Amino acid sequence: MPFATESQVNSTLKPYYPDLIDLIYQAHYDWAQSPFSASMQDPKVRATLIWNQFLARAKKTFEGREGISVQVMRHWQGLVVGNSFFVRMKKGTNQLLSRNYPTQAALDFNDASVDLFEGVVRLELVYTLNDLQTEVDRIVIAQRHRSKLLWSIDLLDSAEDHGQSVISLPKQPTGGTPAERMIKPKKPTEESQVKREANDGRT
């Protein structure tokens, strides 16, 4: 049945929560360190690169592990856990909803009453960014039904409650866009300084 409860999801996915947290932080770190972050023209570029790095790292992390693997189901790529859950990673809005172009396939994926994968429950691993768009702010596992969340599990709160460790990555410089942080203002020349002082002395 495509619907699931929080307790059902916790009983299967909980052992993997620390890995899922680490993978999202690592994927975001890959983006922040990439040469594309300074020249980003559209936030979709960032979301796509983080998605790509999440899957690439997940394949290595879960290789040989029992009960979890990266698989393609139809044309969606994500994690299959316990042969019962399919989890796709997405950037979310402040309301923890992923954004998708409303094709029929996208609408069907978000409709929990539609059985796409022969009984496998579809979930989303959603992350959000802070107001400056510089750091991961929230990470949740959620089940969505059309335009609403049925429930969500905050993985960062779960990690704190159970003493799970979160990887420590170097802090990225904050303040302004990556491009603004790379462009340093020119120091005033002696000639321009003299002109500025002369202009300041005018009445």
Side-chain angles (χ1 to χ4, degrees), residues 1-29 31 43-44 46-48 50-55 57-58 61-62 67-71 73 76-102 105-117 119-167:
M1 181 176 177
F3 288 93
T5 65
E6 293 179 55
S7 59
Q8 289 172 328
V9 171
N10 263 326
S11 65
T12 301
L13 271 68
K14 194 171 184 179
Y16 306 109
Y17 288 170
D19 290 313
L20 299 180
I21 294 170
D22 287 356
L23 287 168
I24 288 184
Y25 276 125
Q26 290 168 355
H28 183 267
Y29 180 73
W31 155 257
K44 287 183 288 189
R46 176 180 56 216
T48 299
I50 291 175
W51 173 85
N52 182 83
Q53 292 307 105
F54 173 87
L55 289 173
R57 287 180 172 274
T61 297
F62 298 126
I68 186 169
S69 61
V70 177
Q71 294 185 33
M73 299 189 74
W76 291 285
Q77 192 168 186
L79 299 170
V80 175
V81 187
N83 295 319
S84 301
F85 300 101
F86 177 82
V87 184
R88 71 170 179 178
M89 193 277 285
K90 295 281 288 183
K91 182 182 182 298
T93 64
N94 290 335
Q95 291 74 40
L96 302 177
L97 292 172
S98 60
R99 290 179 176 173
N100 305 279
Y101 190 79
L107 294 173
D108 286 345
F109 190 96
N110 290 330
D111 189 337
S113 65
V114 177
D115 189 357
L116 293 175
F117 305 146
V120 174
V121 176
R122 301 185 300 279
L123 304 173
E124 289 191 320
L125 175 63
V126 176
Y127 72 93
T128 64
L129 301 178
N130 63 6
D131 291 340
L132 294 175
Q133 303 289 290
T134 55
E135 295 181 354
V136 173
D137 186 78
R138 297 185 69 185
I139 301 174
V140 305
I141 288 278
Q143 184 170 37
R144 176 173 172 171
H145 181 48
R146 298 175 182 169
S147 60
K148 296 181 180 180
L149 289 187
L150 297 177
W151 49 261
S152 65
I153 301 170
D154 192 321
L155 299 196
L156 298 184
D157 279 353
S158 176
E160 292 175 2
D161 291 343
H162 299 89
Q164 296 168 357
S165 60
V166 178
I167 59 170

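Please read these numbers as outputs of a predicted model, since none were measured by experiment.
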If I take atom [atom1] from residue [X] and atom [atom2] from residue [Y], how far apart are they, to the nearest 0.5 angstrom?
X	Y	atom1	atom2	result
Thr12	Phe85	OG1	CZ	4.5 Å
Leu156	Arg138	CG	CZ	8.5 Å
Lys44	Arg99	NZ	CZ	11.0 Å
Leu125	Tyr17	CG	OH	10.0 Å

Counting C-beta onward and ignoring hydrogens, is there a side-chain heavy-atom pair between [X] and [Y] closer than 4.5 Å?
X	Y	result
Leu129	Tyr127	yes
Val126	Ile139	no
Leu79	Phe54	yes
Thr128	Thr93	no
Leu107	Val114	no
Ile153	Lys14	no
Val9	Trp151	yes
Val87	Ile141	yes

- [ ] Report the residues that fulfil ring-ring contact (aromatic ring centres under 6.0 Å, His included) with Phe86, sequence neighbours left out, ordered by chain and then residue number.
- [x]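 Partners of Phe86 under the ring-ring contact (aromatic ring centres under 6.0 Å, His included) test: Phe117.
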
Task: Set of residues satisfying ring-ring contact (aromatic ring centres under 6.0 Å, His included) with respect to Tyr16, sequence neighbours excluded - done: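 Testing Tyr16 for ring-ring contact (aromatic ring centres under 6.0 Å, His included), a comparison that skips the adjacent residues, returns none.
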
For [X] and [Y], work out which heavy atoms get closest and say how close.
X	Y	answer
Leu97	Ser147	CD1-O, 3.5 Å
Gln77	Arg88	O-CB, 4.4 Å
Val121	Phe3	CG2-O, 4.0 Å
Leu23	Ala58	CD2-N, 3.7 Å
Leu96	Ser152	CD1-OG, 4.1 Å
His28	Thr134	CE1-O, 3.0 Å

With no hydrogens and no angle check, is any side-chain donor or acceptor of [X] less than 3.5 Å from a backbone partner on [Y]?
X	Y	answer
Gln143	Ala4	yes
Arg144	Arg146	yes
Ser7	Thr5	no
Arg122	Asp111	yes
His145	Ala112	yes

Open item on the list: Heavy-atom count check: over 12 atoms from other residues, nucleotides or ligands less than 6.0 Å from Asn83 CG?
Closed with: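 No, the 6.0 Å shell around CG holds no more than 12 heavy atoms from other groups.
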
- [ ] Tell me, with the steps shown, if Ile68 and Asp19 meet side chain to side chain contact (heavy atoms under 4.5 Å, CB included).
- [x] CA-CA 11 Å; Ile68 186 169; Asp19 290 313; over 6 Å; no

TODO: Verify side chain to side chain contact (heavy atoms under 4.5 Å, CB included) between Arg57 and Asp22, making sure each step is shown before the conclusion.
DONE: CA-CA 10 Å; Arg57 287 180 172 274; Asp22 287 356; over 6 Å; no

Task: Stepwise side chain to side chain contact (heavy atoms under 4.5 Å, CB included) check, Asn110 with Glu124 - done: CA-CA 10 Å; Asn110 290 330; Glu124 289 191 320; 4.0 Å; yes

- [ ] List in chain and number order the residues that pass salt bridge (charged side-chain N to carboxylate O under 4.0 Å, His left out) with Asp137, two or more places apart in sequence or in another chain; answer none if no residue qualifies.
- [x]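 Once residues adjacent in sequence are excluded, Asp137 has no partner under the salt bridge (charged side-chain N to carboxylate O under 4.0 Å, His left out) criterion.
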
